[in-house]
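First comes the structure, then the notes that go with it.
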Amino acid sequence: MNMEPVAQDLNFPTSVTCGDDGAIYIAESGLEFGGAPSGGVVSRIDSRGRTTRLVAGLRAPVNGVTWHEGSLFISEGGNPGRISRLRLPSCEIETVIDGLPGFGNYQTNMTVVGPDRKLYFSQGAMTNSGVIGLDSYDMAWLRAVPHPCDLPGYDVTLTGFNAETADPRIGNGGRAVTGSLSPFGVPVSPGQRVAGRVPCTSSVMRCEVDGSGLELVAWGLRNAYGLQFLPDGRLLATDQGADARGSRPIANCPDFLYHVREGAWYGWPDFFGGRPVTDPMFRPPDAPEPRFLLANHTELPAPERPLLEFDVNSCAAKFAVVPPAIPKYAGDLIIALFGDERPLCGPGGSRVGRKLARLAMGDRSLRAVKAFPFHRPIDVMFEAASNAAYVVDFGEFEIAPEGGVVARAGSGVLWKLPAGFMEV
């Protein structure tokens, strides 16, 4: 049972969608790993497998491409973040919304169109756990300190947590004191208030398809990279848990699947999966127990509990709903698990993820599917006309033991999976 390459030699692709015109559209991130050219790309793959580039030079990383009523909505992570609309077949491109938080650990993520015909999208955190640290310098896609701080969606009161960083590359005698939800090198005080705002980080937001009426849906999702509406109208999101790195490391934190409810709080930066960071499970072996950053938990909604927890460092990415035409598994989810980024995001160990999994929605259990030799699966789609399944493989990408990225440009692939791939 073999999978079939539909498009090859792609530079770190992230997203796939299909249109009513029968074509498949794929986005390449524009990240410069392995000498890949800069600037995101969106291409069209017709029914004969021919690929045509539609637009290039997009703000990297491009994290999503979504078909809606003859247009492609493109999520550009960049600095600042932006959502663009590519009108087809003219290929005229226009800005839907600009000025979204950018140049952080995570970015503007994929868009989906809701039952209310509004555009929903997620915005990742600027930091690992609310404090800018030198882990941002160590991450190859940032390579700079400082970068913008996190912006809360709800009004918060700070506990006054500050972290001191010592490094010869920064000023002030090689030392800096950085507070929670604060720019690098700027301390905070107990009781300090930070007003909620829109746009904000660690959130799901929505707007009209023309970009007007931007508003917050929910706050406290660290990095909701995958976002989809179920046929019954519920909005689900994968959320990537915090890492054991930086000035406020969080150990043993799983990834999650959440039901996104309007007005809810998902706990970031003080709760993960509904559990407080003070829980002993989150304490790193070589660092103090994490402390709360927020002092007004009782003024916020109770932290939501997840529908499912994934293995630590699975890096749960995007997912697709199995269509009714496959009745045995209809309504289940096929989820791409990008995999760990050790040693950057945690201590060494066996590899995690780098595969697909099926979530049986009936009992919320995670089931295996057939194993395929993916490098880094990041998106999955069922094509509307044929119900065939496609998987985007980001390509060869690993974190070197001494830091930095080892990656190969042109190693990304769009795969078509064989029928019966869910049968183990």
Side-chain angles (χ1 to χ4, degrees), residues 1-31 33-34 36-37 39-56 58 60-67 72-75 86 88 109-112 225-226 228 315 317-323 333-339 353-357 369-397 407-422:
M1 180 179 285
N2 297 319
M3 54 185 183
E4 171 189 345
V6 177
Q8 302 183 75
D9 305 319
L10 301 172
N11 290 313
F12 310 110
T14 59
S15 315
V16 65
T17 191
C18 59
D20 297 338
D21 57 358
I24 293 173
Y25 299 90
I26 190 159
E28 295 169 83
S29 65
L31 294 168
F33 300 140
V41 173
V42 173
S43 301
R44 181 179 188 268
I45 306 170
D46 66 20
S47 58
R48 303 169 109 183
R50 297 175 299 192
T51 300
T52 303
R53 180 174 290 191
L54 301 180
V55 63
L58 301 167
V62 172
N63 284 319
V65 60
T66 299
W67 169 276
L72 297 173
F73 287 86
I74 305 167
S75 301
L86 185 69
L88 301 174
N109 294 320
M110 66 175 293
T111 64
V112 290
Y225 195 75
Q228 289 288 347
C315 197
K318 299 177 186 178
F319 59 95
V321 182
V322 180
L333 307 183
I334 302 299
I335 304 168
L337 303 178
F338 186 84
R354 298 173 176 81
K355 63 183 179 181
L356 301 181
V369 302
K370 289 193 181 300
F372 297 102
F374 298 125
H375 294 293
R376 295 281 192 174
I378 194 169
D379 196 8
V380 58
M381 173 192 78
F382 286 92
E383 195 270 326
S386 67
N387 296 304
Y390 294 81
V391 171
V392 178
D393 190 338
F394 186 77
E396 296 180 28
F397 170 88
R408 184 168 67 88
S411 58
V413 181
L414 174 64
W415 296 102
K416 182 178 181 180
L417 300 187
F421 78 94
M422 289 178 276

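The figures here come from the full heavy-atom set of this structure, side chains too, leaving out hydrogens, waters and symmetry mates.
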Hey, could you give me the [atom1]/[atom2] distance between [X] and [Y], rounded to the nearest 0.5 Å?
{"X": "Leu72", "Y": "Arg44", "atom1": "CG", "atom2": "CZ", "value": "10.0 Å"}
{"X": "Leu414", "Y": "Ile45", "atom1": "CG", "atom2": "CD1", "value": "5.0 Å"}
{"X": "Leu417", "Y": "Met381", "atom1": "CG", "atom2": "CE", "value": "10.5 Å"}
{"X": "Leu58", "Y": "Glu28", "atom1": "CG", "atom2": "CD", "value": "10.5 Å"}
{"X": "Met110", "Y": "Thr17", "atom1": "CE", "atom2": "OG1", "value": "8.0 Å"}
{"X": "Phe33", "Y": "Phe394", "atom1": "CZ", "atom2": "CZ", "value": "5.5 Å"}

State, to 0.1 Å, how close [X] and [Y] come at their nearest heavy-atom pair, and which atoms those are.
{"X": "Cys18", "Y": "Ala384", "answer": "SG-N, 3.8 Å"}
{"X": "Pro13", "Y": "Ile378", "answer": "O-CG2, 3.6 Å"}
{"X": "Tyr225", "Y": "Asn63", "answer": "OH-OD1, 3.3 Å"}
{"X": "Ala385", "Y": "Glu383", "answer": "N-OE2, 3.2 Å"}
{"X": "Val369", "Y": "Ala357", "answer": "CG1-C, 4.4 Å"}
{"X": "Asp393", "Y": "Pro377", "answer": "OD1-N, 4.1 Å"}

- Task: In sequence, state the C-alpha distance, the side-chain angles, and the governing distance for Tyr390 and Ile24, and then conclude on side chain to side chain contact (heavy atoms under 4.5 Å, CB included).
- Result: CA-CA 10 Å; Tyr390 294 81; Ile24 293 173; 3.5 Å; yes
- Derivation of the side chain to side chain contact (heavy atoms under 4.5 Å, CB included) call for Asp21 and Trp67: CA-CA 10 Å; Asp21 57 358; Trp67 169 276; 4.1 Å; yes
- Task: Would you check if the distance from the ring center of Phe372 to the ring center of Trp415 is below 6.0 Å?
- Result: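 Centroid separation for Phe372 and Trp415: 6.0 Å or greater.
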- For this output row, return yes or no: ring centroids of Phe397 and Phe12 closer than 6.0 angstrom.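 So the answer is no for these two rings.
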Look at the side chain of [X] and the backbone N and O of [Y], then say whether any donor-acceptor pair between them is shorter than 3.5 Å.
{"X": "Asn11", "Y": "Ala409", "result": "no"}
{"X": "Asp379", "Y": "Val16", "result": "yes"}
{"X": "Thr66", "Y": "Val112", "result": "no"}
{"X": "Ser411", "Y": "Gly395", "result": "no"}

- Task: Kindly indicate, with the supporting measurements, whether the criterion side chain to side chain contact (heavy atoms under 4.5 Å, CB included) is fulfilled by Val392 and Val380.
- Result: CA-CA 6 Å; Val392 178; Val380 58; over 6 Å; no
- Message: Under a 3.5 Å threshold, yes or no: a donor from one side chain and an acceptor from the other, between Thr14 and Lys318?
- Response: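 Distance-only check fails for Thr14 and Lys318.
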Tell me, do [X] and [Y] make a side-chain contact under 4.5 Å, heavy atoms counted?
{"X": "Leu356", "Y": "Phe374", "answer": "yes"}
{"X": "Arg354", "Y": "Leu337", "answer": "no"}
{"X": "Leu31", "Y": "Pro61", "answer": "yes"}
{"X": "Leu88", "Y": "Leu54", "answer": "yes"}
{"X": "Val322", "Y": "Leu333", "answer": "no"}

- Query: Phe338 ring centre to Arg376 NZ or CZ under 6.0 Å, with the angle to the axis within 45°?
  - Reply: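 The answer is yes; both the distance and angle limits are met.
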- Message: Show, in sequence, the C-alpha distance, side-chain angles and deciding distance for Ile26 and Val42, and conclude whether the side chain to side chain contact (heavy atoms under 4.5 Å, CB included) test is met.
- Response: CA-CA 6 Å; Ile26 190 159; Val42 173; over 6 Å; no
